[in-house]
Amino acid sequence: MMSKVFRSVTRFSMTAALAVLSALGSGQPPKTIAEQQPFDGQLALQHIAQQVSFGPRAAGYEGKQKTLDYIQQLLQSQADKLVVQQFQTQGLRGNNLWASFYAADPKLRGQSRIMLAAHWDTRPIAERDKLASKRSQPVIGANDGASGVAVLLEIARLLSNQRAPVTVDLVFFDLEDMGNIDDLPFSIGATEFVRQNRFYRPAAGVVVDMVCDRDLVIPQERFSRDGARDLQDQIWRIAQSQGAEAFKPHKGSYIEDDHLPFLRAGLKVVNLIHWPFPKSWHTSGDTIDRCSADSLQQVGRVISEFIYRQGEPL
Ligand SMILES: [Zn+2]
């Protein structure tokens, strides 16, 4: 494992050096790290296929443990630190996963850090299905659950090859999607994460949720706008510069999601979410055939430029 890591770092350094040399020779500006090793939407789509193949990731389904193992196994070999935080609340058990990739410069390790997060659970009921008989069945959650995880796992691949200028924490929340079932709230896992880790104060955070639809539309979510406007503007500037058309320069709605517990704790965390929700939302139609590698790639490339350009003037 060590030699594999060493080889990939060496290969990357050679690629980077060649890119700089050829850029100098051609008079072009050197490519950014995000351009040298781009986020690959096809690889992200494969992470969705894998999660979906495990079945629903709701309590009582074997897909839940399989997905936990899948994420854990991938990150164990890539991250500098991996913690699984178990919790019990409101009669439920959950697991949040927290993987850290330390800043490239060891001197900056303890300084500012940023968080990228997504929920890995899926909803146990498809209450919005057209067919009444399907409404008590679980959703498969290709979009609502797997897509956010897939973006984070592809970012983990990039970070394992090349650390960012700041420490990046990838956090996977359990039990986001129990809202309005037996009077439970949304974002149980994210709320527990904030409660268990009061010392954790990232300089910025991005929550990704429902980002694979082939007709992806991401307006500026309103709680994020109210609580983390500068950060949201920064992300939208990157999207605009990349021509990422899924990002719309208008205000969206107020959406309850995993960013809320962080905003309430005074942290700057922005939510990237499809709005208005696609028709497949909380139905049996939330399947991978609705997902597009291009949509995932647009979101992933914006986020990867955001993390690799940390520390640069805005
Ligand atoms: Zn949901």
Side-chain angles (χ1 to χ4, degrees), residues 44 47-48 51-52 54-61 63-64 67-68 71 89-90 92 94-97 116-131 134-152 171-193 206-219 221-224 246 252-263 269-291 295-296 299:
H47 287 305
I48 294 182
Q51 292 171 81
V52 164
F54 296 141
R57 279 82 72 204
Y61 292 89
K64 184 130 201 181
T67 302
L68 187 64
I71 300 172
T89 181
Q90 300 169 83
L92 301 168
N95 290 284
N96 293 325
L97 282 96
L116 306 178
H119 74 91
W120 70 273
D121 65 309
T122 52
R123 191 161 180 81
I125 53 167
E127 81 278 9
R128 296 180 60 89
D129 207 280
K130 279 204 287 285
L131 292 175
K134 291 192 173 172
R135 288 179 200 148
S136 58
Q137 297 295 307
V139 301
I140 199 63
N143 193 23
D144 193 357
S147 73
V149 171
V151 167
L152 263 54
V171 185
F172 302 77
F173 301 123
D174 202 350
L175 299 180
E176 185 275 336
D177 224 339
M178 298 296 288
N180 302 331
I181 302 171
D182 299 333
D183 288 329
L184 290 167
F186 284 97
S187 299
I188 293 172
T191 303
E192 277 299 303
F193 184 85
V206 181
V207 167
V208 207
D209 194 4
M210 298 207 282
V211 290
C212 75
D213 193 275
R214 55 179 178 246
D215 301 318
L216 181 61
V217 176
I218 307 177
E221 192 276 329
R222 295 293 291 275
F223 286 120
S224 315
S253 185
Y254 285 97
I255 296 173
E256 274 187 65
D257 206 351
D258 291 337
H259 59 318
L260 276 193
F262 293 91
L263 288 171
V269 177
V270 164
N271 191 25
L272 302 182
I273 191 163
H274 190 150
W275 178 261
F277 296 149
K279 285 197 178 66
S280 60
W281 179 62
H282 292 185
T283 75
S284 61
D286 184 359
T287 48
I288 195 167
D289 55 295
R290 291 279 324 162
C291 290
S295 297
L296 291 160
V299 173

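Read the numbers this way: they start at 1 and go in the same order the structure lists the ligands and their atoms.
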Geometric class of the F193/F173 ring pair [parallel <30°, tilted 30-60°, perpendicular >60°]: perpendicular
Whether F277 and W275 hold their rings parallel, tilted or perpendicular, with breakpoints at 30° and 60°: perpendicular
Atom CZ of R128 with >12 non-hydrogen neighbours under 6.0 angstrom: no
Backbone or side-chain N/O/S of D209 under 2.8 Å of the Zn ion (ligand 1): no
Metal proximity, D144 vs the Zn ion (ligand 1), N/O/S cut-off 2.8 Å: yes
Atom of D177 closest to the Zn ion (ligand 1), considering N, O or S atoms: OD2
Heavy-atom neighbours of Q90 CD exceed 12 at 6.0 Å: yes
